[in-house]
Amino acid sequence: MAALHCPDNIKVHFAGAEVQNQYEAVRLLGIQYALYTCYPFVERMVFGKGTAPIMPLPWQKDDPYSKIPAHILGNERHVIQDSGLFTLMFGAMKGKADGSIINKWYDCLVEFTLKHGKGATCVEVDCQKVLGVEQAWEFRQRLRNDIPNRIINVFHLEDGMKGLDRLIEYSDYIAISVPELRFAGKKNMVTPLAHYIKNKKPEIDIHLLGCTELKLLHENSFCTSADSTSYLAVKRFGFLKGHHQKNATTEAVQQLIGLDRWKYINQFNNEMNTNGMSLSIEYLKQEYQKACGWQDYKYPAL
């Protein structure tokens, strides 16, 4: 897998790759950058059962813990592994994810990464919002020693500007949480923060977590990476550019992406979702390159 360090322009990672029927559409349509969360796997390691489904392909069902990440890592130029901590802290375990649970999550995350995440760039255990800034620093320093992977350290509002300066000095890959700033009514801080970080340390890599807006991606094309699930909006809500996916003509989609690719993707999705997701991915491929620059798209051999 290629290293991703200060590329000519930001590379948009298609998130949700752990859901393999979705990922096959992403892979078959030439996306070279992906993000998966290890939440469903680590959740089962911590609690013995899971609320988040694991959705393997038929040939992965005997060992999804190994075969799902291996499939993603083996087919992309660069892959980011999310820790799943945000889902833990603010999903089903909201208000219950205390220090004991997060410590256990950390241990299982390290175990999972060592066994199954070779080559992935890993998002840290950014627990500032629940356990505080100093506890996050403890996990940050431990993780650097516990896994060989490159690590993305995450800035949160709780860190403050002094904490950001400390993080810039410490890190070689730093993330800005775009949804957090949007929720706090501070979305206009994204670009100034990115410029501040890059001016302080030109050689640093910057990731924009959950950045779906083309305007922000364009303004911050000097960053290294971003991730987005925008391609799944048509699957969730049914519409792409005001048109419902049920109105897509199968023959037209087959002509656009190729009959064999369409048939392969459709093995794991119903016809409407195959059409909608394929159109969405192809549309966003064009939009990302217009907004951000070259994205290295390359159709793989079937």
Side-chain angles (χ1 to χ4, degrees), residues 9-37 52-53 55-57 68 71-72 75-80 82 178-179 182 207-221 225-302:
N9 58 279
I10 193 168
K11 304 300 182 183
V12 181
H13 290 57
F14 280 54
E18 71 283 351
V19 182
Q20 290 287 275
N21 66 315
Q22 297 172 175
Y23 174 66
E24 286 302 87
V26 167
R27 179 179 73 85
L28 264 288
L29 296 180
I31 304 304
Q32 297 290 293
Y33 301 97
L35 178 148
Y36 70 89
T37 178
M55 301 178 66
L57 302 174
I68 288 177
H71 186 51
I72 303 166
N75 283 287
E76 301 295 313
R77 287 174 64 95
H78 185 255
V79 176
I80 295 172
D82 188 72
V178 176
R182 185 185 299 115
H207 181 80
L208 302 181
L209 273 171
C211 187
T212 60
E213 295 181 36
L214 295 172
K215 180 176 181 290
L216 277 179
L217 289 169
H218 178 69
E219 289 175 355
N220 294 281
S221 62
S225 55
D227 69 273
S228 174
T229 57
S230 291
Y231 73 103
L232 297 173
V234 67
K235 187 176 176 182
R236 292 171 182 157
F237 307 115
F239 289 90
L240 176 65
K241 299 298 290 180
H243 301 283
H244 199 281
Q245 61 178 341
K246 69 182 179 182
N247 296 321
T249 304
T250 295
E251 291 76 12
V253 180
Q254 291 171 341
Q255 186 174 3
L256 175 68
I257 68 172
L259 179 59
D260 290 341
R261 286 181 199 283
W262 186 93
K263 285 182 176 179
Y264 186 92
I265 295 167
N266 196 55
Q267 292 179 79
F268 314 112
N269 301 272
N270 63 42
E271 184 173 338
M272 185 172 68
N273 282 338
T274 295
N275 291 340
M277 196 156 46
S278 297
L279 288 172
S280 182
I281 291 169
E282 289 295 337
Y283 168 73
L284 285 169
K285 282 166 62 176
Q286 297 177 41
E287 292 297 293
Y288 289 147
Q289 288 208 148
K290 282 193 292 186
C292 312
W294 188 246
Q295 296 294 307
D296 304 300
Y297 303 133
K298 183 180 178 182
Y299 275 11
L302 287 169

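Scope of the values below: all heavy atoms of this structure, side chains included, with no hydrogens, waters or symmetry mates. Nothing fancy with the numbering, it's 1 onward along the sequence.
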Would S225 and H207 count as having a side-chain donor-acceptor pair, cut-off 3.5 Å? yes

Evaluate the side-chain proximity of I281 to V26: yes if any heavy-atom separation is below 4.5 Å, no if none is. yes

Are the side chains of S230 and F14 in contact, using a 4.5 Å heavy-atom criterion? no

Taking C-beta and beyond as the side chain, do W262 and T250 meet within less than 4.5 Å on heavy atoms? yes

Which pairs would a plain distance check flag for residues 236-244, meaning a side-chain donor or acceptor within less than 3.5 Å of a matching protein atom at least two apart in sequence or in another chain?
| unit_1 | atom_1 | unit_2 | atom_2 | d |
| --- | --- | --- | --- | --- |
| K241 | NZ | Y283 | OH | 3.4 |
| H244 | ND1 | K246 | N | 3.0 |

Are the side chain of N9 and the backbone of W294 linked by a donor-acceptor contact shorter than 3.5 Å? yes

Do the non-hydrogen side-chain atoms of L35 and V79 ever get within less than 4.5 Å of each other? no

More than 12 heavy atoms of other residues, nucleotides or ligands under 6.0 Å from CD of E287: is that the case? yes

For the side chain of S280 and the backbone of Y231, is there at least one donor-acceptor N/O pair under 3.5 Å apart? yes

For the pair N273 (side chain) and N269 (backbone), establish whether a donor and an acceptor sit closer than 3.5 Å, ignoring hydrogens and angles. no

Parallel, tilted or perpendicular: which describes the rings of F268 and Y264, with under 30° parallel and over 60° perpendicular? perpendicular

May I ask you to decide if I10's main-chain N or O and Q295's side chain share a donor-acceptor pair within less than 3.5 Å? yes

SB check E24 R261 (cutoff 4.0 Å): no

Can you tell me how far the NE2 atom of H13 sits from the CG atom of L208, to the nearest 0.5 Å? 11.5 Å

Is there a side-chain contact between M277 and E282 in this structure, where contact means two heavy atoms from C-beta onward sitting under 4.5 Å apart? no

Do L209 and V178 touch side chain to side chain, with heavy atoms closer than 4.5 Å? no

Polar contact flag, side-chain donor to acceptor under 3.5 angstrom, E76-Y23: yes

Give a yes-or-no answer on whether the side chains of D296 and Y33 include a donor-acceptor pair shorter than 3.5 Å. yes

